**Student:** 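I have a structure here, written as structure tokens, and I will follow up with some questions on it.
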Amino acid sequence: MSAGVLVVVNSASSGPRRLGTWLAERGIAVNAVVAAEEPLPSTLDGVAGLVLLGGGLMPDEDDRAPWLPAERALAAEAIRRDLPTLGICLGGQLLAHVAGGEVRAKTGPVERGATPIVPSAAGRADAVFAALGDGAPMIENHQDMITRLPPDAVLLASSAAIENQAFRLGEHVRGMQFHPEASAADLARWDDAALRGEGRSLPALIAEAERVHDHNTAASRGLVEAFADEVLAAVPA
């Protein structure tokens, strides 16, 4: 096994971004597969870590995204192996779905932009989520929601509006609703008209994300660095 991480890209416009840079700086090879353009691997053999990125889909919306059955199979394999895994937004919802939780479309409060995320007691003690300290602003962009965690999941973090912001399965598989790979600069590509239709201001969202950029970046990098530690520890000496 090499120190390589498979990154499943569910939206071609939303790749690993700074997460990929931070992993590469630790000497970890990042294999980003755009699922709509090339087949996903059939197994995680030879992979030391897995990252499932976001996308405007439900975890079982196979008619819109025919690669999702293969992605769910990889998620199930990662859970069985307790492979170091980060599921981000759709990726976290997919992990919850595969493990027996519940995800509902357009349910609950919509969260956009920098949002305070507060770890639970378990989150503060978690090897990866301890990077958030007592709380940190993280980028959110979702309207679907994990309404019930899997039976064996440990709640790691919440926001004021959404309880199930992050969770852990086993020791090394983690799902989250927020985006540690996204920074204030990424908000510039968001749909201004759609946000206005929700009564939101893109310039205001960007300004707030820029205001908390340093805190957000430090917490996000710490989280990714801690994940990298687990990936490197999974590689036989």
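All figures in this text were calculated on a predicted structure; none of them were measured in a lab. Positions are given from 1, in the same order as the sequence printed here.
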**Student:** Answer with yes or no whether the side chains of Trp67 and Asn10 bring together a donor and an acceptor at under 3.5 Å.
**Tutor:** yes
**Student:** Please determine whether a side-chain nitrogen of the Lys or Arg among Lys106 and Asp144 lies less than 4.0 Å from a carboxylate oxygen of the Asp or Glu.
**Tutor:** no
**Student:** If you measure from CG on Leu68 to CG on Leu74, what distance do you get to the nearest 0.5 Å?
**Tutor:**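 Reported to 0.5 Å precision, the distance equals 11.5 Å.
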**Student:** Verify side chain to side chain contact (heavy atoms under 4.5 Å, CB included) between Asp152 and Phe167, making sure each step is shown before the conclusion.
**Tutor:** CA-CA 10 Å; Asp152 297 330; Phe167 62 94; over 6 Å; no
**Student:** In this structure, which one of Val5, Val231, Val51, Asp229 forms a side chain to side chain contact (heavy atoms under 4.5 Å, CB included) with Pro84?
**Tutor:** Val231
**Student:** State, yes or no, whether a side-chain contact exists between Pro69 and Asp62 at a heavy-atom distance under 4.5 Å.
**Tutor:**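 A side-chain contact under 4.5 Å exists here.
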**Student:** Between the side chains of Arg174 and Glu230, is the shortest nitrogen-to-carboxylate-oxygen separation below 4.0 Å, so that they form an ion pair?
**Tutor:** yes
**Student:** For the residue pair Arg72 and Asp60, establish whether any side-chain heavy-atom pair is separated by less than 4.5 Å.
**Tutor:**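 Yes; the side chains approach each other to less than 4.5 Å.
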**Student:** Could you report the tightest heavy-atom contact between Val33 and Pro39, atom names first, then the distance?
**Tutor:** CG1-O, 4.0 Å
**Student:** Please check if the side chain of Thr21 supplies one atom and the backbone of Leu19 the other of a donor-acceptor pair under 3.5 Å.
**Tutor:**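 A pair under 3.5 Å: no.
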**Student:** Is there side-chain contact between His97 and Gln93, with at least one heavy-atom pair below 4.5 Å?
**Tutor:**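 His97 vs Gln93: side chains apart.
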**Student:** Once rounded to the nearest 0.5 Å, what's the spacing between atom CG of Asn164 and atom OG1 of Thr147?
**Tutor:**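 If I round to the nearest 0.5 Å, the distance is 8.0 Å.
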**Student:** Taking all atoms of both residues into account, what is the closest heavy-atom pair of Val9 and Pro16, and its distance?
**Tutor:**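 The answer is CG2-CD, 4.3 Å.
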**Student:** I'd like to know if Val7 and Ile139 are part of one continuous hydrophobic network [Ile/Leu/Val/Met/Phe/Trp/Tyr, side-chain heavy atoms within less than 4.5 Å].
**Tutor:**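 As far as the 4.5 Å side-chain criterion goes, Val7 and Ile139 are not connected within one cluster.
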**Student:** If you take all heavy atoms of Ile117 and Ser159, which pair is closest and at what distance?
**Tutor:**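 Looks like CD1-CB, 4.0 Å.
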**Student:** Is it true that a side-chain atom of Asp82 and a backbone atom of Glu171 form a donor plus acceptor pair closer than 3.5 Å?
**Tutor:** yes
**Student:** Are any of the side-chain heavy atoms of Pro180 and Ile88 separated by less than 4.5 Å?
**Tutor:** yes
**Student:** Under 4.5 Å between any side-chain heavy atoms of Ile146 and Gln165, yes or no?
**Tutor:** no
**Student:** Look up atom OG in Ser120 and atom CG in Leu155, then write down how far apart they are to the nearest 0.5 Å.
**Tutor:**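 It comes to 5.0 Å.
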**Student:** If only atom types and distance count, is the side chain of Ser158 paired as donor or acceptor with the main-chain N or O of Glu163 below 3.5 Å?
**Tutor:**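 Answer holds: yes.
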**Student:** What's the separation between atom CZ in Arg168 and atom CG in Leu95, rounded to the nearest 0.5 Å?
**Tutor:**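 One finds 13.5 Å between CZ of Arg168 and CG of Leu95.
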**Student:** Is there a donor in the side chain of Arg18 and an acceptor in the side chain of Ser183, or the other way round, less than 3.5 Å apart?
**Tutor:** no
**Student:** Work out which heavy atom in Val8 is nearest to a heavy atom in Ala35; give both atom names and the distance.
**Tutor:** CG1-CB, 4.3 Å
**Student:** So, Asp191 and Arg196, do they make that salt bridge, N to O below 4.0 Å?
**Tutor:**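 Looking at Asp191 and Arg196, the cut-off is not met.
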**Student:** I'd like to know if the side chain of Asn31 and the backbone of Leu6 have a donor-acceptor N/O pair within less than 3.5 Å.
**Tutor:** no
**Student:** Decide side chain to side chain contact (heavy atoms under 4.5 Å, CB included) for Val98 and Glu71; before the verdict, give the C-alpha distance in whole Å, the side-chain angles of both, and the deciding distance to 0.1 Å.
**Tutor:** CA-CA 10 Å; Val98 166; Glu71 187 172 353; over 6 Å; no
**Student:** Could you measure the distance from the CD atom of Glu140 to the CE atom of Met138? Nearest 0.5 Å is fine.
**Tutor:** 9.0 Å
**Student:** What closest approach, in Å, do Leu187 and Ala209 show between heavy atoms, and which atom pair accounts for it?
**Tutor:** CD2-CB, 4.0 Å
**Student:** Side chain to side chain contact (heavy atoms under 4.5 Å, CB included) for Leu57 and Arg64? Distances and angles first, verdict last.
**Tutor:** CA-CA 8 Å; Leu57 300 162; Arg64 292 182 59 203; 3.7 Å; yes
**Student:** Quick one: are Ile162 and His142 in side-chain contact, heavy atoms under 4.5 Å?
**Tutor:**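 Answer yes - side chains close enough.
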**Student:** Grouping I, L, V, M, F, W and Y whenever their side-chain heavy atoms are under 4.5 Å apart, do Leu94 and Met58 come out in a common cluster?
**Tutor:**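 Result: yes, single cluster for both.
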**Student:** Can Asp192 and Arg200 be counted as an ion pair, charged N to O under 4.0 angstrom?
**Tutor:** no
**Student:** Side-chain donor-acceptor pair under 3.5 Å between Gln143 and Glu111, yes or no?
**Tutor:** no
**Student:** Leu50 and Trp22: same hydrophobic cluster, using ILVMFWY side-chain contacts below 4.5 Å?
**Tutor:**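 No; tracing contacts between hydrophobic side chains, which count when under 4.5 Å, never links both residues.
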**Student:** Look only at the side chain of Thr85 and the backbone of Leu83, and say whether a donor-acceptor pair between them is shorter than 3.5 Å.
**Tutor:**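 Yes, because the side chain of Thr85 sits within donor-acceptor range (under 3.5 Å) of the backbone of Leu83.
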**Student:** Check whether any side-chain heavy atom of Leu86 lies under 4.5 Å from a side-chain heavy atom of Leu52, and answer yes or no.
**Tutor:**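 No, every pair of side-chain atoms sits at 4.5 Å or beyond.
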**Student:** Once rounded to the nearest 0.5 Å, what's the spacing between atom CG of Leu156 and atom CZ of Phe129?
**Tutor:**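 Reported value, rounded in 0.5 Å steps: 5.5 Å.
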**Student:** Thinking salt bridges, do Glu25 and Arg221 make one under a 4.0 Å N-O criterion?
**Tutor:**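 Counted as a salt bridge, because a side-chain N and a carboxylate O are separated by less than 4.0 Å.
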**Student:** Can you give me the closest heavy-atom contact between Pro119 and Gly133, atom names plus distance?
**Tutor:**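 Heavy atoms only, the tightest pair is CG-O, 3.4 Å.
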**Student:** Let me check something: do Val47 and Ile79 share a hydrophobic cluster, defined by ILVMFWY side-chain heavy atoms less than 4.5 Å apart, either directly or through other members?
**Tutor:**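 Yes; Ile79 is reachable from Val47 via cluster members.
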**Student:** Could you check if a side-chain atom of Trp190 sits within less than 4.5 angstrom of a side-chain atom of Leu195, using non-hydrogen atoms only?
**Tutor:**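 When only atoms from C-beta onward are counted, Leu195 and Trp190 do touch, with a gap below 4.5 Å.
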**Student:** Donor-acceptor pair, Arg17 side chain versus Ala182 backbone, under 3.5 Å?
**Tutor:**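 Not a single qualifying donor-acceptor pair exists.
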**Student:** Using the rule that two of Ile, Leu, Val, Met, Phe, Trp, Tyr join whenever any of their side-chain heavy atoms come within less than 4.5 Å, decide whether Val173 and Leu53 are in one cluster.
**Tutor:** no
